[in-house]
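This report refers to the structure that appears directly beneath it.
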Amino acid sequence: MMNVLELLKTRRSIRKYKSTPVEPEKLDKCLEAAQWAPSASNKQPWEFLIVTDEKKRKRLAEIHPYGKFVAESPVVFIPLTNPEVHPKYHHADTALATLQFMIAAHSLQLGTCWAGVINSDIEPNIKDLLKIPNHLKVLALVAVGYANETRTSKRKPLESLVHKESYGLK
Ligand SMILES: Cc1cc2nc3c(=O)[nH]c(=O)nc-3n(C[C@H](O)[C@H](O)[C@H](O)COP(=O)(O)O)c2cc1C
């Protein structure tokens, strides 16, 4: 088992998947990880929708211009946010829950990839397809499954991001 820092650094966005189904017990663990994310005033302004049906996944892939991989991933995790529960922080809170889901998935050897939906004109189509009620918003489509590729990624150097005591001081 990797330690947390290793887990955080080795998670990669996976865009090619094997057809191997995801074990329901593993999915439950990922959902529990999401459930235990911190949230402003502990309001938990989220709900989670799981889609495995192939027809629906293919339709989601047609709808999302940069999320074609959800046609292939056996599971799509769809975090929903409720602005009525926390108008100011619902996006931030649900993003944290989503990342917790993704890190838990990585710890269980599952790959994921976030396909963003916030502020996008495809949201009504997704809501129609999955009968998502009006008061909820779709944060993302997150592909989940066993990776059929290995990926690398890059980050900006820490020196360019970190300031000490006041802005601009290294
Ligand atoms: C808010 C958000 C939206 C994203 N949307 C997409 C997307 O629509 N399609 C996609 O292929 N990847 C998407 N990604 C994945 C990023 O491209 C990926 O996280 C980034 O390139 C860093 O790679 P890594 O996750 O492997 O470290 C998104 C990630 C975030 C956090």
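Counting from 1, the numbers follow the sequence of the chain as shown. These numbers come from the heavy atoms of this one structure, side chains and all, not from hydrogens, waters or symmetry mates. In listed order, ligands and their atoms are each counted from 1. Remember, predicted model here, so these are calculated numbers, not experimental data.
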(message) Can you list everything that forms a side-chain hydrogen bond (donor to acceptor under 3.5 Å, both in side chains) with Lys26? Sequence neighbours excluded, please.
(response) Tyr146

Distance filter under 4.0 Å to [X] heavy atoms, resulting ligand 1 atoms:
X	answer
Ala115	5 (N), 6 (C), 7 (C), 8 (O)
Arg11	24 (P), 25 (O), 27 (O)
His64	8 (O)

(request) Take every heavy atom of Arg15, measure it against each atom of ligand 1, and state whether any distance is under 4.0 Å. (result) yes

(request) Report yes or no: does Cys113 have a heavy atom closer than 4.0 Å to ligand 1? (result) yes

(request) Applying side-chain contact (heavy atoms from CB on, under 4.5 Å) between Val142 and each of Val76, Val75, Thr98, report the one that passes. (result) Thr98

(request) Write down the atom of Lys137, the atom of His90, and the distance for their closest heavy-atom approach. (result) CD-CE1, 4.0 Å

(request) State, to 0.1 Å, how close Ile14 and Gly111 come at their nearest heavy-atom pair, and which atoms those are. (result) CG1-CA, 3.9 Å

Tell me: protein heavy atom nearest [atom], and distance?
atom	result
atom 31 (C) of ligand 1	Trp114 CD2, 4.1 Å
atom 26 (O) of ligand 1	Ser13 N, 2.7 Å
atom 23 (O) of ligand 1	Ser153 OG, 3.3 Å
atom 9 (N) of ligand 1	Tyr66 O, 2.8 Å

(request) Return a yes/no value: protein heavy atom under 4.0 Å from atom 13 (C) of ligand 1? (result) yes

(request) Check each heavy atom of His91 against ligand 1 and say whether those closer than 4.0 Å belong to the side chain, the backbone, both or neither. (result) neither

(request) Classify the contact between Arg151 and ligand 1 as side chain, backbone, both or neither, using a heavy-atom distance cut-off of under 4.0 Å. (result) neither

(message) Check for me whether the distance between the ring centres of Phe77 and Phe48 falls short of 6.0 Å.
(response) yes

(message) Taking Glu6 first and then Lys9, would you say they form a salt bridge - that is, a charged N and a carboxylate O separated by under 4.0 Å?
(response) no

(message) One thing to verify: whether Glu149 and Arg151 come together as a salt bridge, which I'm taking to mean a side-chain N less than 4.0 angstrom from a carboxylate O.
(response) yes

(request) Can you measure from OG (Ser120) to CG (Asn125) and round to the nearest 0.5 angstrom? (result) 8.5 Å

